[in-house]
Amino acid sequence: MQKAIVIIPTYNEADNLPITIKKLAEVFEKIKDWQMQVLVVDDNSPDGTAQIVKKLQKKYPFLKLLLNLKKAGLGSAYLKGMDKAFNQLDADLVFEFDADLSHDPQKIPAMLKEIENGSDLVLGSRYVSGGSIPQNWALHRKFLSVFGNLFIRLVMWDFSIKDWTTGYRAIKKEVYQAVANELESERFFGYTFQIGFLHKTRKKKFKISEVAFAFKDREIGRSKIGPEYIKNTLLYIMKVRVQEILQSRLFKFALVGVIGALVQLSSLKLYRFLLPNFQYLFFSNYLISTILSIETAIISNFIINNFWTFSDRKLKKQSMLKKFLEFNLASGGSLLIQMAIAAIGENTLGLFGLFTLPIIAIKVDTGMIYAVAGILIGMFWNFFAYNTFIWKKKK
Ligand SMILES: Nc1nc2c(ncn2[C@@H]2O[C@H](COP(=O)(O)OP(=O)(O)O)[C@@H](O)[C@H]2O)c(=O)[nH]1
Ligand SMILES: [Mg+2]
């Protein structure tokens, strides 16, 4: 039989714990397919929570205690608890669960079902249909919770998860093993632990699902989540996303494009200076310099893309020349796209002035709009061509 351990981090929860453990025991009675245990991770609470646990252990054999000598925060308590649950107590699954009865223990069987049906991590969720936050919460708390979650979804650009900050979760051993190392190297407070854990789980492509529950306000004791949690959460998600964007292929590609434009402009200047002035038919110093500078930019883009943007798909020496010719074709394609859009724009909508930008006094006309559209669509084509023809995904 598989074993699931409900981890309860506690700090001053002496009055809540007896009720919470009793309610959990009632739910465990009904669970036949899993061996259920509880692991309380107490940070040496001054109110004697640990003594209460020791007393309760006489009545409830499924109850375990992990005592930390000093208060080190929720994330640290969970990491220590999970380490013990998976590595010493032989758990296959853990639950994250609050001591204050905010998390409805009656939902545990439904969350186990989700695991049995193939999920790797199950969220007890307040923001899927059927879930809720307390009616009696003050307006600012409701606002913070609802918009906080919306904001996280937006920044993470991930709308499949509805409750990023929930502290009610079921987590399989495989997930813990895949993300715990990375988490231990970061300092986590409250919600950042939860968001960070979930974010890493998602990046590793584990299956995540949500089970609705009604979050109940704690009746005894005080919440330990203060304003510093909000600040840390904001800093954390911003940091994670900025790093992700900077490391993303699309960002590198765009930056290489900007570098290419600079290379083209500066090498144009250089070639015009180096070449003698001449005019033969329509060949001139300017035309030849322009062609050379375009090719210079193409070469530098090809090299930087190969060693940076697509460094994970670096080309082999023997295919380099063929790929370089294809790269030239792709670049020619985006040039054609730009010219086509300019021609179509001029012949359909036409060329006319739109407005003048204040301060810098640049007149914007439709010609500039066609150029910008051409460059963007041309870039889109380039990115597509690089990905599918030149730096193909390795199988
Ligand atoms: N071990 C440990 N538990 C903590 C710490 N901070 C909070 N907790 C526990 O984590 C759970 C959730 O905390 P709570 O204050 O209710 O947060 P809220 O529900 O978001 O307001 C409760 O069981 C707390 O006792 C901590 O620093 N160490
Ligand atoms: Mg609480």
Side-chain angles (χ1 to χ4, degrees), residues 5-24 38-54 56 63-85 94-105 107-108 123-127 131-134 136-138 140-146 148-149 152 163-169 171 183 187-198 213-233 236:
I5 298 184
V6 178
I7 301 177
I8 309 178
T10 54
Y11 195 73
N12 289 343
E13 304 285 5
D15 296 334
N16 275 315
L17 258 191
I19 314 170
T20 307
I21 301 296
K22 180 167 172 277
K23 296 227 158 141
L24 282 169
V38 172
L39 174 63
V40 171
V41 185
D42 185 57
D43 284 2
N44 210 4
S45 304
D47 76 345
T49 304
Q51 280 69 47
I52 299 288
V53 175
K54 283 176 189 155
L56 289 167
L63 183 58
K64 311 271 174 223
L65 173 66
L66 176 64
L67 194 57
N68 295 316
L69 287 182
K70 65 181 207 306
K71 181 164 158 56
L74 192 69
S76 161
Y78 267 128
L79 282 176
K80 283 182 191 146
M82 287 181 195
D83 176 54
K84 186 174 166 91
V94 297
F95 279 84
E96 292 183 3
F97 197 82
D98 284 1
D100 57 7
L101 283 171
S102 289
H103 299 154
D104 178 3
K107 293 290 171 183
I108 289 176
L123 300 169
S125 178
R126 298 161 291 181
Y127 300 114
S132 60
I133 54 174
N136 62 322
W137 264 4
H140 74 272
R141 228 181 136 186
K142 286 182 178 163
F143 182 87
L144 210 67
S145 187
V146 173
N149 259 292
I152 296 168
D163 196 342
W164 275 87
T165 52
T166 179
Y168 192 8
R169 301 168 172 204
I171 300 163
L183 286 165
R187 277 164 55 77
F188 279 114
F189 309 89
Y191 297 129
T192 36
F193 172 76
Q194 304 293 20
I195 298 166
F197 199 106
L198 199 51
F213 85 104
F215 186 98
K216 266 192 12 200
D217 215 0
R218 67 158 68 232
E219 282 163 14
I220 308 170
R222 274 198 5 219
S223 165
K224 287 105 207 159
I225 304 283
E228 77 275 16
Y229 280 103
I230 297 161
K231 195 188 94 194
N232 286 328
T233 303
Y236 178 77

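Keep in mind that what you see is a predicted model, and the values were worked out from it rather than measured. Indexing begins at 1, ligand by ligand and atom by atom, following the structure's order.
Between G73 and ligand 1, an N or O atom pair is found at a separation short of 3.5 Å. Close N/O approach between I8 and ligand 1 is not found [any backbone or side-chain N/O within under 3.5 Å]. For a threshold of 3.5 Å applied to N or O pairs, the pair formed by K71 and ligand 1 contains at least one separation below that value. Considering both main-chain and side-chain atoms, P9 comes within under 3.5 Å of ligand 1 through a nitrogen or oxygen pair. For F215, no nitrogen or oxygen atom sits less than 3.5 Å from a nitrogen or oxygen atom of ligand 1, counting backbone and side chain alike.
Of all the atoms in ligand 1, the ones that sit under 4.0 Å from a non-hydrogen atom of E13 are 22 (C), 23 (O), 24 (C), 25 (O). Ligand 1 places these atoms under 4.0 Å from at least one heavy atom of V41: 1 (N). For ligand 1, the atoms sitting less than 4.0 Å from at least one non-hydrogen atom of A99 are 23 (O), numbered in the order shown with element in parentheses. Near D100, meaning under 4.0 Å from one of its heavy atoms, ligand 1 places the atoms 16 (O), 19 (O).
Residue K142 places its NZ atom among more than 12 non-hydrogen atoms of other residues, nucleotides or ligands, all under 6.0 Å distant.
Remark: of the listed residues L123, L198, T233, L198 is the sole one forming a side-chain contact (heavy atoms from CB on, under 4.5 Å) with W164.
With 2.8 Å as the limit, D100 counts as an N, O or S neighbour of the Mg ion (ligand 2).
When all heavy atoms of L65 and K54 are compared, the pair lying nearest together is CD2-CE, 3.9 Å. In plain terms, the two heavy atoms of I7 and G81 that are nearest each other are CD1-C, 3.6 Å.
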Q) Does the side-chain hydrogen bond (donor to acceptor under 3.5 Å, both in side chains) test come out yes or no for T166 and Y127, once each step is laid out? A) CA-CA 10 Å; T166 179; Y127 300 114; over 6 Å; no

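The closest side-chain donor-acceptor pair between S102 and Y168, if any, does not fall under 3.5 angstrom. For the 3.5 Å distance criterion, the side chains of N68 and D43 qualify, holding a donor opposite an acceptor.
With rounding to the nearest 0.5 angstrom, the CZ atom of R126 is 6.0 Å from the CZ atom of F215.
Contact between S102 and ligand 1 is absent, with no heavy atom of the residue lying under 4.0 Å from the ligand.
Selection from L17, T10, N12 by nearest heavy atom to atom 3 (N) of ligand 1 gives T10. Residue nearest to atom 13 (O) of ligand 1, selected from E96, H103, R218: R218 (by heavy-atom distance).
Residues V53 and L67 have side chains not in contact (no heavy-atom distance under 4.5 Å, counting atoms from C-beta outward).
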